[in-house]
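Shown next, in structure tokens, is the structure this report addresses.
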Amino acid sequence: MTIADIAPRTALQQRYWDPALTEPAQWNPVLEALHSHRSVRRYVPDPLTDETLDVLVSAAQSAATSSNLQAWSVVAVRNADSKARLAALAGDQAHIIEAPVLLVWLADFARVRQLAGDRGAPIEGADYLESSYIGFIDAALAAQNAVTAAESLGLGTVFIGALRNKPEEVAAELGLPPHVFAVFGLVVGQPHPDADAQIKPRLPRAAVLHHEKYDLPAQRNHVDAYEGRIAAFYSAQQLEHSWIDRVLDRLASATRLNGRDRLKESLIRLGFPLR
């Protein structure tokens, strides 16, 4: 019997790489879709229609937004040359070029600043770190809604955080005005038949769910359990990885941030004072 023979089968089991888990009584298609999320990194070139793009954006706009400020926007990049240039800025990720569209999600305070300018209204509050948080959080919430919508249509997605490696160059490519920042990209398209994207196990729920007070000492046991489970997941794919080693390596030094160690400087240059 191989590891693949005893691998978890349901989406919930795969999410935690635990074949003993059973679906709760309130399980439904929405929960199935959420638990089945996976990152897709191979695509066919089939175009994404305007109708589909519109419904992804309306789903995104249905996400929560702080004080209804709606401090985000999104740029849909379909032009092959533009995608190629953005892919180069994001570490030459081939799926950016393969997929029909790259959605670049933006923290956007240009719109509200324009409103203030048109009316001669004060807008000092936009200069503060809290407002920048709002733009980033709003963009993330909107994008996650778009991901769920895309996957419900049988499309694949993968986030592109590496657009933050070179924020000024990305802003120039997209023609962003001051006070707009590219938070991340999102590739959307029809998965390639050979994509073989898998549901990647997450930390045990007990590692992230605390009751009444945060319990750091208990984390060690949960992380140790996860290290073993995700090792089994990788082994089923003929890979050998340590999650702990990968996490620590990713945060070992400023150079491992691939340019994002100067993110504060970039934000200030692009119109986010961060007071």
Side-chain angles (χ1 to χ4, degrees), residues 30 33-34 37 39 48 50 52-78 86 89-90 96 101-119 121-153 155 157-188 208 257 260 262-275:
V30 175
L34 289 170
H37 167 72
S39 295
L48 195 76
D50 288 341
T52 299
L53 180 59
D54 285 347
V55 79
L56 297 186
V57 173
S58 63
Q61 289 187 283
S62 299
T65 169
S66 181
S67 301
N68 202 28
L69 292 180
Q70 303 179 68
W72 66 272
S73 292
V74 60
V75 176
V77 182
R78 288 165 157 154
L86 289 167
L89 294 173
I96 296 175
V101 64
L102 171 68
L103 300 179
V104 183
W105 300 85
L106 313 169
D108 184 354
F109 280 88
R111 180 166 51 240
V112 69
R113 286 180 181 276
Q114 179 172 262
L115 290 173
D118 290 347
R119 291 158 178 76
I123 195 167
E124 180 185 0
D127 291 346
Y128 284 82
L129 181 61
E130 159 64 10
S131 296
S132 299
Y133 274 174
I134 286 173
F136 275 69
I137 293 169
D138 271 15
L141 292 173
Q144 184 56 48
N145 260 29
V147 165
T148 301
E151 292 177 344
S152 77
L153 298 173
L155 298 169
T157 66
V158 63
F159 281 103
I160 309 294
L163 287 183
R164 295 193 303 278
N165 290 0
K166 298 182 178 179
E168 290 92 344
E169 291 90 333
V170 170
E173 176 64 33
L174 298 176
L176 302 184
H179 316 298
V180 179
F181 189 87
V183 182
F184 46 72
L186 179 70
V187 167
V188 183
V208 299
L257 298 178
R260 284 173 256 183
R262 52 180 294 275
L263 192 57
K264 181 178 179 180
E265 175 188 336
S266 297
L267 278 160
I268 292 171
R269 285 184 175 179
L270 294 171
F272 289 74
L274 306 179
R275 292 173 61 183

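Scope of the values below: all heavy atoms of this structure, side chains included, with no hydrogens, waters or symmetry mates. Starting from 1, each residue takes its place in the sequence as its number.
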field: Residue pair N165, L89: steps toward the side chain to side chain contact (heavy atoms under 4.5 Å, CB included) verdict
entry: CA-CA 7 Å; N165 290 0; L89 294 173; over 6 Å; no
Please assess T65 against L141 for the test side chain to side chain contact (heavy atoms under 4.5 Å, CB included), listing each intermediate value before the final yes or no.
CA-CA 8 Å; T65 169; L141 292 173; over 6 Å; no
On a heavy-atom basis, which atom in [X] and which in [Y] lie closest, and how many Å separate them?
X    : Y    : answer
A182 : V104 : CB-CG1, 3.8 Å
V183 : A139 : CG2-CB, 4.2 Å
I96  : A90  : CD1-CB, 4.0 Å
A110 : P177 : CB-CG, 4.0 Å
A64  : D138 : O-OD1, 4.2 Å
V112 : I123 : O-CD1, 3.6 Å

4.5 Å side-chain heavy-atom contact, [X] and [Y]:
X    : Y    : value
L274 : I268 : yes
K264 : F272 : no
L270 : L176 : no
L103 : V57  : no
P167 : R262 : yes
L155 : L48  : yes

When rounded to the nearest 0.5 angstrom, what distance separates [atom1] in [X] from [atom2] in [Y]?
X    : Y    : atom1 : atom2 : answer
L86  : E169 : CG    : CD    : 11.0 Å
R275 : S131 : CZ    : OG    : 10.5 Å
F136 : F184 : CZ    : CZ    : 9.5 Å
L153 : T148 : CG    : OG1   : 11.0 Å
L34  : E151 : CG    : CD    : 8.5 Å
I137 : E130 : CD1   : CD    : 7.5 Å

Using the test salt bridge (charged side-chain N to carboxylate O under 4.0 Å, His left out), find all partners of [X] that sit at least two apart in sequence or belong to another chain.
X    : value
R113 : D127
D108 : R111
E173 : R85
R269 : E168, E265

(Q) Quick check on Q114: does its CD atom have over 12 non-hydrogen neighbours (other residues, nucleotides or ligands) under 6.0 Å away? (A)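 Atom CD in Q114 is not crowded, with 12 or fewer foreign heavy atoms closer than 6.0 Å.
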- request: List the steps and the verdict of side chain to side chain contact (heavy atoms under 4.5 Å, CB included) for L56 and V74.
  value: CA-CA 11 Å; L56 297 186; V74 60; over 6 Å; no
Is a side-chain N or O of T157 found less than 3.5 angstrom from the main chain of V147, in a donor-acceptor match?
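No, because the side chain of T157 does not come within donor-acceptor range (under 3.5 Å) of the backbone of V147.
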According to salt bridge (Lys or Arg N to Asp or Glu O under 4.0 Å), does anything in residues 52-78 pair up with another residue at least two apart or in another chain? List the pairs.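 Residue pairs passing salt bridge (Lys or Arg N to Asp or Glu O under 4.0 Å), neighbours aside: D50-R78.
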Check the pair W105 / L163 against side chain to side chain contact (heavy atoms under 4.5 Å, CB included), numbers first and verdict last. CA-CA 10 Å; W105 300 85; L163 287 183; over 6 Å; no
Return the set of residues passing ring-ring contact (aromatic ring centres under 6.0 Å, His included) with F109 (not counting sequence neighbours), or none when no residue passes.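 In terms of ring-ring contact (aromatic ring centres under 6.0 Å, His included), with neighbours along the sequence ignored, F109 is linked to no residue.
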